[in-house]
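First comes the structure, then the notes that go with it.
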Number of protein chains: 2
Amino acid sequence: MESNKVPDIVVGRLPIYLRALTYLAEEGQSVVSSQDLGKRLGISSAQIRKDLSHFGEFGKQGTGYEVGYLRDQLKRILRIEGRWPVALIGCGALGTAVAYYQGFAPKGFEIAAVFDNDPGKIGQRVSDKPVMDVAELPRVVREKNIRIAIVAVPSTAAQRIVNTLVDCGIKGILNYAPINISVPPGVQVQYIDPAVHLQRMTYYL
Amino acid sequence: MESNKVPDIVVGRLPIYLRALTYLAEEGQSVVSSQDLGKRLGISSAQIRKDLSHFGEFGKQGTGYEVGYLRDQLKRILRIEGRWPVALIGCGALGTAVAYYQGFAPKGFEIAAVFDNDPGKIGQRVSDKPVMDVAELPRVVREKNIRIAIVAVPSTAAQRIVNTLVDCGIKGILNYAPINISVPPGVQVQYIDPAVHLQRMTYYL
DNA sequence: TAGATTGTTAATCGATTAACAATC
DNA sequence: TAGATTGTTAATCGATTAACAATC
């Protein structure tokens, strides 16, 4: 095990491994080799072994990896054994869809609070949660110990709300607004922009 | 200009550059240097110049890049001068949200047809488009000359529908199902899995 | 002209892969 | 034991960066 700095690109692959292992566990497969897993993901077996070796020794020579065990270890490494509370900012069409999305809970996240700045929306319920005034962000973030936020506001409002979030102590932001935002060091940002993914494909068509 | 094979990672950054240039053009900025742009995106100026150099010479020494011109060149390179018709498969909560998403049109895509296999949904309208039977996929894809599809079906159905799409001649797939799918060479796949992005951040929290 | 910035080369840096001893 | 597969090392491959001549 090398306990130095693990490359971001390696950390970025762990959730992909985890997703595949969770699937295999559901399928009832109890053991998987790096070769099996690699074939499934389009990744070389050497890369999988090297990636995992950053965190420890999880396999058995001649056999491979115990699916459930490796899955749990990856959850531990990624710190998603429990359930992270997440703040959702923006309750328009996109934000509402995010609020109803079923995919977060099984992966270790729950929308703990929903915010908007439209008086017409504040107080209403979305996916069984009350929409709160953005002004309440600092209080709620503190009270619920929220460290991650999902930004689903219009592009024009994105940087402003991100600044607010950072001030509230948010350390991870998942940004659905199709715009680059800037954050201070130590704050993680990930982007979801489906159009960008489509544009990555057209070059090859 | 090097007209050999352009690395995928370079092609992948072009939509990011394009997004920033579109934004700058809207802001009324007419010229941008690689340094400006890089600072905005958190990318080195050298990398931006190197990336662009794969496709031609677009800048002017001492000045930088004309924003509108470079934006249009990137659109040309990415082949998004026109509007690509896209098939949307799956009309549940997620698919419906995708159908209503406003972000595709300005980036060069339009949902040209919506499909589901639920008789209760077929014939209804979603975002002003009729939901069609998946059985009609081959005909519609051919008639509308569709080459890109968005998959928003349950994980359990994803690989099956992807196989159908590939048989229909689809060459690019944007997959919202949280599962790895396999496709033959020559078919592009991109993934949208918000939970994976969240999991990439928790490691650092 | 002086200052700024490009496009490109060469050097550096980092990631992937091949290979294999260890061992289940 | 024989076969298979891990974890790790060293080699390879590719991507990023520094530097600078060219030139606007």
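Since the model is a prediction, treat every value here as computed from it, not as a measurement. Naming: A, B, ... by sequence-line order, numbering from 1 per chain.
- Here the C1' atom of nucleotide dT23(D) and the CD atom of E57(B) are 11 Å apart, to the nearest Å.
- E66(A) has its CD atom 14 Å from the P atom of dT6(D), to the nearest Å.
- dT5(D) atom P lies 10 Å from atom NZ of K39(A), rounded to whole Å.
- Distance, F55(A) CZ to dT6(D) P: 17 Å, rounded to whole Å.
- S45(B) comes within contact range of no nucleotide atom at all, as no heavy-atom separation falls under 4.0 Å.
- In the displayed structure, Q102(A) atom CD is contacted under 6.0 Å by at most 12 heavy atoms of other residues, nucleotides or ligands.
- There is a side-chain donor-acceptor pair under 3.5 Å between Q159(B) and N163(B).
- Checking R19(A) against N180(B) by side-chain atom types alone, a donor-acceptor pair falls below 3.5 Å.
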- Applying the Watson-Crick and G-U criteria (both distances under 3.5 angstrom) with [ ] for crossing and | for other-strand pairs, one obtains for DNA chain C ..||||||||||||||||||||||

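- The two atoms that bring G103(A) and A195(B) nearest to each other are O-CB, 3.9 Å, heavy atoms only.
- Put simply, CE on M132(B) and CD1 on I89(B) are 9.0 Å apart, with the number rounded to the nearest 0.5 Å.
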- For each nucleotide in nucleotides 12-21 of chain C, reading 5' to 3', give B when a protein heavy atom comes within less than 4.0 Å of its base, S when such contact involves only the sugar-phosphate, and - otherwise. ---SSBBB--

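- For the pair Y65(B) and K60(A), both in contact range of DNA chain C, the more 5′-proximal nearest nucleotide belongs to Y65(B).
- Within the 4.0 Å cut-off from OP1 or OP2 of dT6(D), at least one side-chain nitrogen or oxygen of S34(A) is found.
- Looking at every heavy atom in both residues, N175(A) comes nearest to A177(A) through OD1-N, 2.9 Å.
- Side-chain atoms of Y17(B) and D51(B) form a donor-acceptor pair, as typed in the model, at a separation below 3.5 Å.
- Between Y203(A) and F55(B), the ring-plane angle classifies as perpendicular under the 30° and 60° cut-offs.
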